[in-house]
Amino acid sequence: MESSEIMRQVDDLHTRYIRIIDDERWEEWPHLFTESCLYKIITRENFDQGLPLSVMECQSRGMLTDRVTGLRTINVYEPHRYLHQISGLAIEHIDGHTARCRSNYLVIRTMLDGAMSVFSAGVYLDQIVLGPGKPLFKERVVVADSRRIETLLVFPL
Amino acid sequence: MESSEIMRQVDDLHTRYIRIIDDERWEEWPHLFTESCLYKIITRENFDQGLPLSVMECQSRGMLTDRVTGLRTINVYEPHRYLHQISGLAIEHIDGHTARCRSNYLVIRTMLDGAMSVFSAGVYLDQIVLGPGKPLFKERVVVADSRRIETLLVFPL
Amino acid sequence: MESSEIMRQVDDLHTRYIRIIDDERWEEWPHLFTESCLYKIITRENFDQGLPLSVMECQSRGMLTDRVTGLRTINVYEPHRYLHQISGLAIEHIDGHTARCRSNYLVIRTMLDGAMSVFSAGVYLDQIVLGPGKPLFKERVVVADSRRIETLLVFPL
Amino acid sequence: MLEWPAEGVSRAPYRVMSDPEIYAQEQERIFRGPVWNYLCLEAELPEPGSFRTTSIGDTPILVARNKDGAIGAMVNRCAHKGAMLCVEAGGKRQHFTCPYHNWTYDLTGELCGVAFQHGVGGQGGMPKDFDLAQHGLERVRTASYQGLVFGTFSSSVEPLETYLGPGMTAHLQRVFHKPIAILGYHHQTLENNWKLYMENSRDPYHATILHTFYATFKLNRLTMDGGITVEHGGWHSINYSKGATLREGSYEGTGIRSVVEGVGLADPSLIERKQEFEDGITVAIQSLFPSCVNQQIYNTLALRRIEPLGPLRSELHWTIFGYRDDDPALRAMRLKQSNLIGPGGYVSIDDGVIGEWVQRGIAGSGAHSSAVMEMGGRDIVSTTGSRATEATLRGFWNGYRNLMDC
Amino acid sequence: MLEWPAEGVSRAPYRVMSDPEIYAQEQERIFRGPVWNYLCLEAELPEPGSFRTTSIGDTPILVARNKDGAIGAMVNRCAHKGAMLCVEAGGKRQHFTCPYHNWTYDLTGELCGVAFQHGVGGQGGMPKDFDLAQHGLERVRTASYQGLVFGTFSSSVEPLETYLGPGMTAHLQRVFHKPIAILGYHHQTLENNWKLYMENSRDPYHATILHTFYATFKLNRLTMDGGITVEHGGWHSINYSKGATLREGSYEGTGIRSVVEGVGLADPSLIERKQEFEDGITVAIQSLFPSCVNQQIYNTLALRRIEPLGPLRSELHWTIFGYRDDDPALRAMRLKQSNLIGPGGYVSIDDGVIGEWVQRGIAGSGAHSSAVMEMGGRDIVSTTGSRATEATLRGFWNGYRNLMDC
Amino acid sequence: MLEWPAEGVSRAPYRVMSDPEIYAQEQERIFRGPVWNYLCLEAELPEPGSFRTTSIGDTPILVARNKDGAIGAMVNRCAHKGAMLCVEAGGKRQHFTCPYHNWTYDLTGELCGVAFQHGVGGQGGMPKDFDLAQHGLERVRTASYQGLVFGTFSSSVEPLETYLGPGMTAHLQRVFHKPIAILGYHHQTLENNWKLYMENSRDPYHATILHTFYATFKLNRLTMDGGITVEHGGWHSINYSKGATLREGSYEGTGIRSVVEGVGLADPSLIERKQEFEDGITVAIQSLFPSCVNQQIYNTLALRRIEPLGPLRSELHWTIFGYRDDDPALRAMRLKQSNLIGPGGYVSIDDGVIGEWVQRGIAGSGAHSSAVMEMGGRDIVSTTGSRATEATLRGFWNGYRNLMDC
Ligand code: FES
Ligand code: FES
Ligand code: FES
Ligand SMILES: [Fe+3]
Ligand SMILES: [Fe+3]
Ligand SMILES: [Fe+3]
């Protein structure tokens, strides 16, 4: 594939990702990942010290699905929405069919009463498997700049 | 037109849009729309319930112009500026010369004294008429995530 | 060079710029500028009144290097990180090998304890020297919307 | 604690706009005192099980229509350990179940179930003498008038109709004379004390001056027929004008900033109006003590409710409506005219900031001074014809002083 | 100032959750009073010179291991003009040098250097009688138990082991029986008073109701063997259950919201567990007055510390650990199960919001009412078998009343 | 309310840095008491009609040059109902018209017009006895010295020159000896009490220690000739040094963190300086009670004004200037050196955070302790030669105690 086409596909995957989350079409979210995958949210405090603890860590597409079950039917929380911004997306390395990518994300959270806040900001460290079909995340590690979470985190970032 | 060329044009229209607003070149803003057009800011609270009320609704280019008259000479408010960020721009459908597009926007508002806040975040739902000349908005519906407005809204988003 | 290739290079320079700053790889930052260069952070309050005072002003690559010395070994401040978002990047003019560009930036600052805030938002006004090699900033003027700085500014924006 | 200036209601000490102790007293003496607080509309509770969340001052309130169709209100606070029962703006429920330990209340607020009341396997559970009937939700007395639901914590306040008085009820009848249809909501945070907004809402003096749009495009001027009605010692008021009666003069060329010369609308369809009411009134703002505003501006109709958020902040909740039998053209006209109102309305934009400018203006040495309200004299009387008066504001302060005992 | 309801510890007036004066009194009488405050883990101070910053109520604290390997604590405030000496969460230092004027303290808090003490060129400097020994850091008395470091401002509080009592120390011995390894940290801001979190942490009643995940996937139900242990007049408590003893019934079909029917896990490996402790306990929450929680949920182990941030806000600091000798499989299991805990944990997500819902529920008229805690009776006793009790909460309020003298 | 430590001005109780009641008292006794508050520069009011908005403590202030060219100040608060008259930092006006109801004031604050004063069509309007002259803006007495405009609410304060005293006026004459040109503004919010900043500004002890840039690049060291001048009982002070007189030693190899070894500037043109003043002083910080700083650091000249924003926050306003007759090279030098100052200045960056670190350090148990200021003795005297002293700080607290009566 040409590099501009790869970039286009990767960019498109990112657009679909934020669209699905920000539109709360949670059920589609696991399908942006390969069956065997890693999705992990870790704070920079732990990441930089080499501490393995994450805020959320899904080691299979099943675990992604379970997070959707959690937020749909299990957990108690106040309804809210995310709004993503992404900048600085770059493909850092391509190895066969896998692209290692990186980007800056920002999530604004809006609560029921309208309160908005900068909920999370940081980087996406991705491994993306390129097509024949649409590209999929093999790995997405979300490194959040802030060491703390306001109230709770129930939606993936 | 090639799809990459359409994307370029649409992207360029978005860049001009935020440049005009963030630079306060209000008089140029109506000219990004077709003569017969719709520009509307609606909160998700109303949008999701199917309630028609909007915060601002211009049903013609004349009404856009009148909003500029309003902010230039009629309304009383404290001077402030907007700064836009846009992500996830996607063309969702093309029907003849009209592209249906969508993107995430974020507006930071800065007041005279320097106070900055996340003023609005949400999605742009657009109908864009493609050239022969430069593309224009036939419709821009701004769906704001927050149900509330801080103090007032006098500039278009 | 083709215009799409120029845009790609300019975009790439921006991505490297925010990556270097947000990853705190400060030593690489001066190398994104030409030897003789201008880097300047000015508030819109001063900029719009034609007042020359800036918050930071480096008139040579040496002065950029000295800012890195300052933040690495001289100044006392609480550790924190920046996270950039950029939108609306446009090449406004090309004159020989120099492109005049412009974009909207947003910087989220995260403190040690995890506190996040909208630290700065505004525009980048750039003069970029195009290759044969990688493009470099000949001039970057950062016009910050807010007239005030929270606590201090020690990292370049 | 609070000493009132000797001049009486033609003065209001600025201190009441920022003092936290006065704010706490207002909660007790005004919001939880002998007043009727507007809560929501019956139309928002269409069926048994429909509920809305709202507030009385700082207290979160739940209004629900029960199985019999009757409307009741209660504090939105579980009787066990205090959790809010509902966080959404509204919806439909069979009963209210607390998320914390599943205590369950019926739609009237009676406690009807306590999880593990009898323990597990014969152990634990509530004491034998625990009486569900003693642990219902704190009830708020409600009364409706023409579809508006009001609530009170007071057992001594007069009946709602008496509280409102004949002039106010007549005006409510005028607007709510047939079934309404809700067109949407606005919410707007204001960086000012709630009373600065209530003053603003009932101030005929500012209307045609601050709101340049009104005067410039002749929607509302003091040189129209109109008047103000005060009632219940001025606690409530209406300020109205009749667009068709405009006389030129008094604005043009006087240097009053409120008419912008040489400005027109590119699309004047915005201010086309339909004469809906036979009395010829085209703009009418009714302000009900302590926190409700009933608005008609041309063909836009809205109820506004101010929610205090501490002494220095408040949130204005707007409910915009039309009538259920509006034809499409009239409905479209209302929606187009909604550009006049709300946080982005040509008219009401100005009110968004003016309260904040007062709040900041009265900081510091302002705590020692007072607002001066002598326009139209120093007493509280209704007038027809002239609206160059602040009697409506003096009325507000009369109500305030009555309740705050100052 | 604060009058307690006649019912005693089965009531807690909501006013204590928001009143700023009560908050200030708590700082004095509780956090700086005769209690032992959990500070950090010895494992976080591996070597001489290791330090951690933490807090006791509002006071910033510095804990350090000195050259002799002993651990001490002091207020993180320069004795000169008050600057914090360290802002990082932890690290290693030879001594503590204040950034402002370079006063230097050794690792025990003794002042050992004052810049320009003797002036420059014979002029200026400190008075001759200035005695470094009088200007050390404010010291905080510390004591450790099984690797947990506690600190107190009190000279009269009983020794740490007595303060904790035999049941509490036995449980700490159980968990901290071999060297631990820290797996990471969570930090979580809560929009509620710190006591609402401490109540929550020791509330067996909510555990299997609010936390639908527990009941649905049978990690924790009241129909398991389990119990609660209260000690030191209920100041401290443990709430535990044994997963292998589950009896069906009492949840299914009762309409209690806490079991979601027809839901399964696509990847059930999440809730595979290893029986680590011989006593069969699979979930145990130990709550130590005033501000520490020691948690075992399956194979996740954590210490939690609540930091008050004014009356209406707090921050919960989590330290997640395993043992140093964990094999890779067990380590991986702990990390996978960490999906259950923290701000994004299937179980603890719910606790993130519930305190805020209480805080908002008790606003306004709530200042006049009280929480009701009569589950399991009205006294403070340990129970085995049943956890349908709020004795642990009554115990907390007993400690609170003892110290606050109310 | 506030009891001072027995040691007197060599101590300052930390409580004054956070207590809201003390803050309110300071507004009354200091900012609205017998002091002269720096407001703005005459150069910012070039012509009749020029105005600037500024503040005295919490009170918003408007300074204007009237038609006769005289400068006056008034509270920026409409005499009607309190709205701010101007929100911009400055500009030019013929008169001040309130946006709310169009009351109009001339440039001296006299009320000259009330909209609809005589009603409309003979109805309404102000009472006949309403006297415009009684409803002007609250005036603030002003006085200028060398182009600096000061204001006071006090009628008893001594004349400005006496208030400043001969040493202070001499230094102002030195800097403001010819027309200035404004180069720009900085604004910087500080998360600390305003007094922590004023202490910092007049503290010679920190200057060459905290500010590593000073000592490392030899801009300012205690081993230069220099001194401190205190006046008016220490209310005001100057702290100065002469760059050309540097003696090596006392910094190198002492372990004082303030000299970074082995560091150089890649572009040393930054610290080239021009000797502008004959006295050889290269750095001089003049601190005028209560809230003004006049700064010369090499060729950068600035006035700084601290605005309190509640007990825990403040905003520092910087006005950077040169002289009108600067040649391009000198102007460029000033601008290049402006990298030393402001919120991003090599020197002043450090001051941005240090006040916050003190504010956080003195939280909690800090309310019971005090800062210790014994460097250079315990009294308040000027010294030449040595700057190893805190006499300037003791002087500040002397002023504070005088006014606060504690
Ligand atoms: S708080 Fe509602 S059931 Fe316990
Ligand atoms: S405040 Fe620590 S040395 Fe001065
Ligand atoms: S408040 Fe200024 S004119 Fe009324
Ligand atoms: Fe109005
Ligand atoms: Fe829980
Ligand atoms: Fe300094």
Side-chain angles (χ1 to χ4, degrees), chain A residues 2-8 10-11 14-15 18 41-49 55 82-93 100-109 115-126 141-153 157, chain C residues 1-25 28-29 32 78-90 101 103-124 134-135 146 150 155 157:
Chain A
E2 231 187 300
S3 91
S4 71
E5 174 57 15
I6 295 178
M7 189 61 194
R8 212 197 50 71
V10 164
D11 196 81
H14 279 72
T15 294
I18 69 176
I41 302 174
I42 185 167
T43 62
R44 190 158 281 284
E45 180 185 46
N46 290 331
F47 188 80
D48 279 357
Q49 292 181 77
V55 179
Y82 285 171
L83 195 284
H84 280 73
Q85 292 288 324
I86 290 182
S87 275
L89 173 58
I91 299 174
E92 302 207 319
H93 185 79
R100 215 177 55 223
C101 303
R102 198 177 159 137
S103 52
N104 277 6
Y105 76 89
L106 169 64
V107 172
I108 304 296
R109 187 192 61 178
M116 287 183 282
S117 63
V118 174
F119 182 66
S120 189
V123 293
Y124 287 138
L125 305 179
D126 302 326
V141 175
V142 186
V143 184
D145 279 357
S146 175
R147 72 177 208 177
R148 77 188 180 200
I149 301 287
E150 275 185 48
T151 302
L152 59 82
L153 181 146
L157 290 173
Chain C
M1 231 180 321
E2 231 187 300
S3 91
S4 71
E5 173 57 17
I6 295 178
M7 189 60 194
R8 211 196 50 72
Q9 286 200 13
V10 163
D11 196 81
D12 178 62
L13 177 63
H14 279 72
T15 294
R16 279 184 292 133
Y17 184 94
I18 68 176
R19 179 68 53 238
I20 282 172
I21 291 188
D22 295 355
D23 282 358
E24 308 190 321
R25 290 167 13 214
E28 301 176 37
W29 174 66
L32 297 175
E78 187 149 335
H80 58 276
R81 295 181 78 92
Y82 284 171
L83 196 283
H84 279 74
Q85 292 288 324
I86 290 181
S87 275
L89 172 57
C101 304
S103 52
N104 277 6
Y105 76 89
L106 168 64
V107 172
I108 304 296
R109 188 191 59 179
T110 303
M111 303 303 295
L112 262 193
D113 69 352
M116 286 183 284
S117 63
V118 173
F119 183 67
S120 188
V123 293
Y124 287 136
K134 295 205 164 179
S146 175
E150 275 185 47
F155 301 153
L157 290 172

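Below, all heavy atoms of this structure are taken into account, side chains as well, without hydrogens, waters or symmetry copies. Each chain gets a letter, A, B and so on, in the order the sequences are listed, and its residues count up from 1.
In terms of the salt bridge (charged side-chain N to carboxylate O under 4.0 Å, His left out) criterion, residue partners of A:Glu5 (sequence neighbours excluded) are, by chain and number, A:Arg8. With sequence neighbours excluded, the residues that form a salt bridge (charged side-chain N to carboxylate O under 4.0 Å, His left out) with A:Asp126 are A:Arg140.
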| task | Go through the steps for A:Asn104 and C:Asp22 under the test side chain to side chain contact (heavy atoms under 4.5 Å, CB included), then give the verdict. | result | CA-CA 9 Å; A:Asn104 277 6; C:Asp22 295 355; 2.7 Å; yes
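Contact of C:Tyr82 with chain A is made through the backbone alone, with heavy-atom distances under 4.5 Å. Using a 4.5 Å cut-off between heavy atoms, A:Ile86 touches chain C through its backbone atoms (N, CA, C, O) alone. For a residue to count as touching a neighbouring chain, one of its non-hydrogen atoms must lie under 4.5 Å from one of that chain's; by this rule A:Thr43 does not touch chain C. Contact annotation for A:Arg102: both backbone and side-chain heavy atoms come within less than 4.5 Å of a heavy atom of chain C. With a 4.5 Å cut-off on non-hydrogen atoms, A:Ser103 touches chain C through its backbone but not through its side chain.
Contact count against chain A (heavy-atom pairs under 4.5 Å) is highest for C:Asp23 among C:Val118, C:Asp12, C:Asp23.
Nearest heavy-atom pair across C:Arg81 and A:Asp145 is NE-OD1, 3.7 Å. Shortest non-hydrogen contact noted between C:Arg19 and A:Val123 is NH1-CG1, 4.0 Å. Of all heavy-atom pairs between C:Thr110 and A:Ser146, the closest is CG2-CA, 3.5 Å.
Each of C:His84, C:Met116, C:Gln85 was evaluated against A:Leu106; a single residue qualifies, C:Gln85, per the side chain to side chain contact (heavy atoms under 4.5 Å, CB included) test.
Here the side chain of C:Thr15 pairs no donor or acceptor atom with the backbone of A:Gly88 at under 3.5 angstrom.
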